[in-house]
2 protein chains.
Amino acid sequence: MPNPVSASADTPIVHVVDDDAPLAAALDSLFRSIGLQTRTYGSAQAFLEAKKPDLPGCLVLDVRLPGVSGLDFQAQLDEMGIGLPVILMTGHGDIPMSVRGMKAGAVDFLAKPFRDQDLLDAVSIAIERDRARRAAAESDADLQARYETLSPRERQVMALVVAGKMNKQVAWDLELSEITVKIHRGSAMRKMKARTLPDLVRMAGSLKIPAQ
Amino acid sequence: MPNPVSASADTPIVHVVDDDAPLAAALDSLFRSIGLQTRTYGSAQAFLEAKKPDLPGCLVLDVRLPGVSGLDFQAQLDEMGIGLPVILMTGHGDIPMSVRGMKAGAVDFLAKPFRDQDLLDAVSIAIERDRARRAAAESDADLQARYETLSPRERQVMALVVAGKMNKQVAWDLELSEITVKIHRGSAMRKMKARTLPDLVRMAGSLKIPAQ
DNA sequence: ACCCGGCTCATCCCATGGTATGGGGTGATG
DNA sequence: CATCACCCCATACCATGGGATGAGCCGGGT
């Protein structure tokens, strides 16, 4: 039988990292009440060790944690390439702390006590941001994967073609015959699944291949 | 005779908006001491009415101002399209205030008293950011200006060409002869100063002309 | 009335792009 | 050794791009 407030399917996940168990439990039920999955962790370490499902979500993080500071942890996550949007909470914070958190890209920084609604708003923004991030990352990974199937020559040719050079010029630059360039160019188009040259140019742009 | 700490040429400008005159004067001399120009204003209104030289710079803004709040003023500047990076200062601030300021894009939010060096660091970041912003805006305006010289037909053709359609298909879409398409295409290339099709595609990208 | 710019089209000609067919060489790998 | 991926090239053929020349139609401004 379906849940009254549907959950557990592919609904977003809120990860709560807070060593204050009662508070974590309260947050958990708050999020569940609006149909979000939650996971709670007593420490940064616990969060890192847990395996996270491949779903959009966000991280609600207390600044005061056992071991590392929440702010340091935030920076650490960044270096590790975990792009999960972060919402920071604190009981005893000051302005420099909040500024540092926001500079590091936090979605919000909430001083306790805060209204439930403020947190829910922040979470909803964070999740939306994560959705966009994941979508961008995915299409980027797709593109990157295709690009990696190109042979070295094909990449060179692609770069020059995308820079606007004619086959003839590419041939001269790479000391090849024009016919060979045409062939590499064709394979590159096929492998990149680019129907037209403008498509290829845009792909090169997304891949940050320098224009010229 | 040149100044000891070179200024007044095309050096960046720090705009200080603060109704505390002694403090403004102190900031003024602080910034001049490192070779920056400064302008001080007693109110948001005074800043808006002043004519600002066309130079990179930033805005140092006290949150508590006569009339509007600094935060509201910040939002107002945004709506007016004044992209000058903002640094907020406050004597009596709290976390929500700083978070709001940072969310609105402030470079930094400093609680008084702060160290001179913190402000100088923020200013230097802000000016660098403004430089980048201005450069981007300028090249964008250039492009936009060229785009505006295109006739309506030329724009239609350009859009379809950039979307990867062949002249033939463009002709069919617009119910034109292929020859006419070629001509519009040629003019578009010339007017946009695009040497090659990839160039045109990138320009269209910067102009945010939808790809297909 | 005239000119000019935008829009349209045709025919001709040539450069360029793109693919197919067929050939040969290398080096890594099973 | 056989195979495969990558690299190189030629000839041929056709589609496409792009410019020159010449032309007609409109509407707005001098």
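Both backbone and side-chain heavy atoms feed into the values below; hydrogens, waters and symmetry mates do not. Just so it is clear, the model here is predicted, and its values are computed rather than measured. In what follows, chains are A, B, ... by sequence order, proteins preceding strands, each numbered from 1.
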Which nucleotide wins on minimum distance to the side chain of [X], given the candidates [options]?
X	options	value
Met166(B)	dT16(D), dA12(D), dC9(C)	dT16(D)
Glu178(A)	dG17(C), dC8(D), dA20(C)	dG17(C)
Arg185(B)	dT19(C), dG17(D), dT16(C)	dG17(D)
Leu176(A)	dT8(C), dC8(D), dT11(D)	dC8(D)

Is the phosphate of [N], meaning OP1 or OP2, less than 4.0 Å from a side-chain N or O of [X]?
X	N	answer
Asn167(A)	dT16(C)	no
Thr180(B)	dC7(C)	no
Lys182(B)	dG19(D)	no
His184(A)	dC8(D)	yes
Arg153(A)	dC6(D)	no

### Query
Across the strands shown, which category fits Leu197(A) at heavy-atom distances under 4.0 angstrom: base, sugar-phosphate, nothing?
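Since no nucleic acid heavy atom lies under 4.0 Å of Leu197(A), the category is nothing.
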
### Task
Using a heavy-atom cut-off of under 4.0 Å over every strand shown, decide if Ser177(B) touches base, sugar-phosphate, or nothing.
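It contacts sugar-phosphate atoms only.
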
### Task
May I ask you to say whether Arg100(A) pairs ionically with Asp72(A), meaning some side-chain N is under 4.0 Å from a carboxylate O?
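Yes, this pair counts.
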
#### Entry: Cation-pi geometry met for Lys103(A) and Phe109(B) (6.0 Å, 45°)
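The answer is no; the distance or angle limit is not met.
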
Rounded interatomic separation in angstrom, taking [atom1] from [X] and [atom2] from [N]:
X	N	atom1	atom2	value
Lys168(B)	dC14(D)	NZ	P	14 Å
Ile183(A)	dA12(D)	CD1	C1'	13 Å
Ile179(A)	dA12(D)	CD1	P	12 Å

### Query
If you pin Pro152(B) and Met189(A) to their nearest nucleotides in DNA chain C, which one's is more 5'?
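The residue whose closest nucleotide sits nearer the 5' end is Pro152(B).
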
### Query
Just by distance, with hydrogens left out, do Thr40(A) and Asp28(A) show a side-chain donor and acceptor under 3.5 Å apart?
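Short answer, no.
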
